[in-house]
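Just so you know, these numbers use all the heavy atoms, side chains as well, and skip hydrogens, waters and symmetry mates. This structure is a prediction, so every number in the text was calculated from the model and none was measured. Residue numbers begin at 1 in each chain, while the letters A, B, ... track the order of the sequences.
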2 protein chains.
Amino acid sequence: MPDARTQVLDAAEDLFYGRGIQSVGVDEVRAAAGVSLKRLYQLFPGKDALVREFLHRRDERWRRRLAEFVAQRDSSEEQVLAVFDWLHTWFSEPGYRGCAFINSFGELGAVSPSVVSEVRAHKVALRDYLGGLVAAAGRGPELADHLLLLVEGAIVTSAVLGDPAAATQARTVAAALLVRPE
Amino acid sequence: MPDARTQVLDAAEDLFYGRGIQSVGVDEVRAAAGVSLKRLYQLFPGKDALVREFLHRRDERWRRRLAEFVAQRDSSEEQVLAVFDWLHTWFSEPGYRGCAFINSFGELGAVSPSVVSEVRAHKVALRDYLGGLVAAAGRGPELADHLLLLVEGAIVTSAVLGDPAAATQARTVAAALLVRPE
DNA sequence: GGTAGCCGAGAACGCTCGTTCTCACCGTTC
DNA sequence: GAACGGTGAGAACGAGCGTTCTCGGCTACC
């Protein structure tokens with residue numbers, strides 16, 4: 001049995017990701033976590049803090065899973081392409097609803113600076129991670145920028161159209177960029 | 001002096017795009033439009049209808065402006081690249097906050113089917129438009145899919161990072177895809 | 001000029017939500 | 001055994017929101 005804090009965060013992640021942050025009330029998170037309201041407010045000073053923690057934890061887990069998947073490939077070129085294979089399995093998961101960070105940015109980017117900084121940190125970390133992959137393949141950081149565009153584009157397109165095919169399309173473009181330096 | 005309906009829609013677009021839909025109350029739209037609440041509810045049966053109209057009108061205007069800009073170029077290849085030039089000027093506008101449709105999808109995609117269909121229609125229309133451009137350049141619809149990924153990726157990345165550079169990066173990739181069939 | 005309909009301004013209503021307070025209950029400690 | 005600190009369940013509070021209602025005034029028409 002996990003501790004109350006992770007129970008709350010698990011419930012918050014399910015609900016915030018699945019329905020949006022403003023559409024989910026604190027009491028619903030409390031009920032899903034099986035925790036009293038008093039305890040929840042002991043663990044988190046307010047909904048804002050809960051949202052920040054939700055984003056922070058999701059960032060770490062998301063990037064860890066991606067990195068673990070990619071690290072299984074041998075060559076550095078294969079590792080770059082594996083990013084898009086992983087995206088395809090993610091897009092195919094039931095309940096996939098795009099990127100929690102892009103969604104949160106669209107919802108709260110104009111009213112919550114802490115959300116903005118969390119989203120920005122996530123995207124910067126992803127770009128840096130891609131930068132490491134392409135550097136290992138002997139390529140410069142411009143390629144990481146280009147791959148980031150493809151990743152973000154695939155995430156958004158697959159979510160809106162409800163079709164994971166964007167991942168394989170992005171992989172095709174990435175492969176073309178890989179074989180031939182521009 | 002425009003009629004009350006367009007005044008309301010103009011105000012709604014400013015506010016909904018700038019701050020998010022759920023963060024803006026009907027009364028704030030009413031005040032910005034300089035219209036009585038009674039009149040607003042005569043024109044639109046409720047906030048949902050106002051949101052739908054906001055998205056619908058923004059879709060038409062956005063795609064018209066893009067098409068007008070692109071049509072000024074002569075060759076079909078230049079027209080494809082002009083898409084990204086136009087994106088760059090859009091990203092540089094003050095108050096740029098990403099794509100209203102992506103933002104609305106993130107905010108309400110899980111709770112409002114009408115928003116989902118509006119967002120999906122917008123992206124499909126954009127893909128079809130790109131399909132027309134690449135067909136004129138003698139290329140197949142796969143290139144339109146790839147360009148769509150670049151466009152969406154540039155929109156999201158520039159919004160989150162607050163930097164229009166993603167447009168020129170996407171343009172570079174698009175140029176590489178254009179010169180050489182994969 | 002009077003009356004009837006319409007309109008703007010804003011109060012009111014009902015609901016939701018984030019947060020705090022109340023209170024009964026339980027385990028621990030002197 | 002009694003006082004006590006902490007807990008869970010949920011009521012309460014205050015604010016905000018979408019929507020509707022009220023009322024006073026203006027306009028148009030006979």
[N] phosphate, OP1 or OP2: any side-chain N/O from [X] under 4.0 angstrom?
X	N	answer
Gln22(B)	dC17(D)	no
Gln42(A)	dG6(D)	no
Lys47(A)	dG18(C)	yes

Rounded to the nearest Å, what distance is computed from the [atom1] atom of residue [X] to the [atom2] atom of nucleotide [N]?
X	N	atom1	atom2	answer
Leu40(B)	dT19(D)	CG	P	10 Å
Leu15(A)	dC17(C)	CG	P	12 Å
Gln7(A)	dG8(D)	CD	C1'	14 Å
Arg30(B)	dC7(C)	CZ	C1'	14 Å
Phe16(B)	dG18(D)	CZ	C1'	12 Å
Phe44(A)	dT19(C)	CZ	P	13 Å
Ile21(B)	dG18(D)	CD1	P	12 Å
Asp27(A)	dA11(D)	CG	C1'	12 Å

**Request:** Assign each of Lys38(B) and Tyr41(B) to its nearest nucleotide of DNA chain D by heavy atoms, then name whichever residue's nucleotide is nearer the 5' end.
**Result:**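 Counting from the 5' end, the first nearest nucleotide belongs to Tyr41(B).
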
**Request:** Let me know, please, whether Gly34(B) or Asp48(A) comes out on the 5' side of the other along DNA chain C by nearest nucleotide.
**Result:**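 The residue whose closest nucleotide sits nearer the 5' end is Gly34(B).
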
**Item:** Of the listed nucleotides dT19(D), dG8(C), dT19(C), the one nearest the side chain of Leu37(A)
**Value:**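 Out of dT19(D), dG8(C), dT19(C), the nucleotide with an atom closest to Leu37(A)'s side chain is dT19(C).
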
[X] and [Y] ion-paired at < 4.0 Å:
X	Y	answer
Asp59(A)	Arg63(A)	yes
Glu60(B)	Arg64(B)	no
Arg57(B)	Asp10(B)	yes

**Prompt:** Within the structure shown, what part of the strands sits under 4.0 Å from Val24(B) by heavy-atom distance: base, sugar-phosphate, or nothing?
**Reply:**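 It contacts sugar-phosphate atoms only.
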
**Prompt:** Is there side-chain contact between Val83(B) and Leu66(B), with at least one heavy-atom pair below 4.5 Å?
**Reply:**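 A side-chain contact exists here, since the closest heavy-atom pair is under 4.5 Å.
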
**Request:** For the pair Trp90(A) and Tyr96(A), name the ring-plane relationship: parallel under 30°, tilted 30 to 60°, perpendicular over 60°.
**Result:**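 Perpendicular.
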
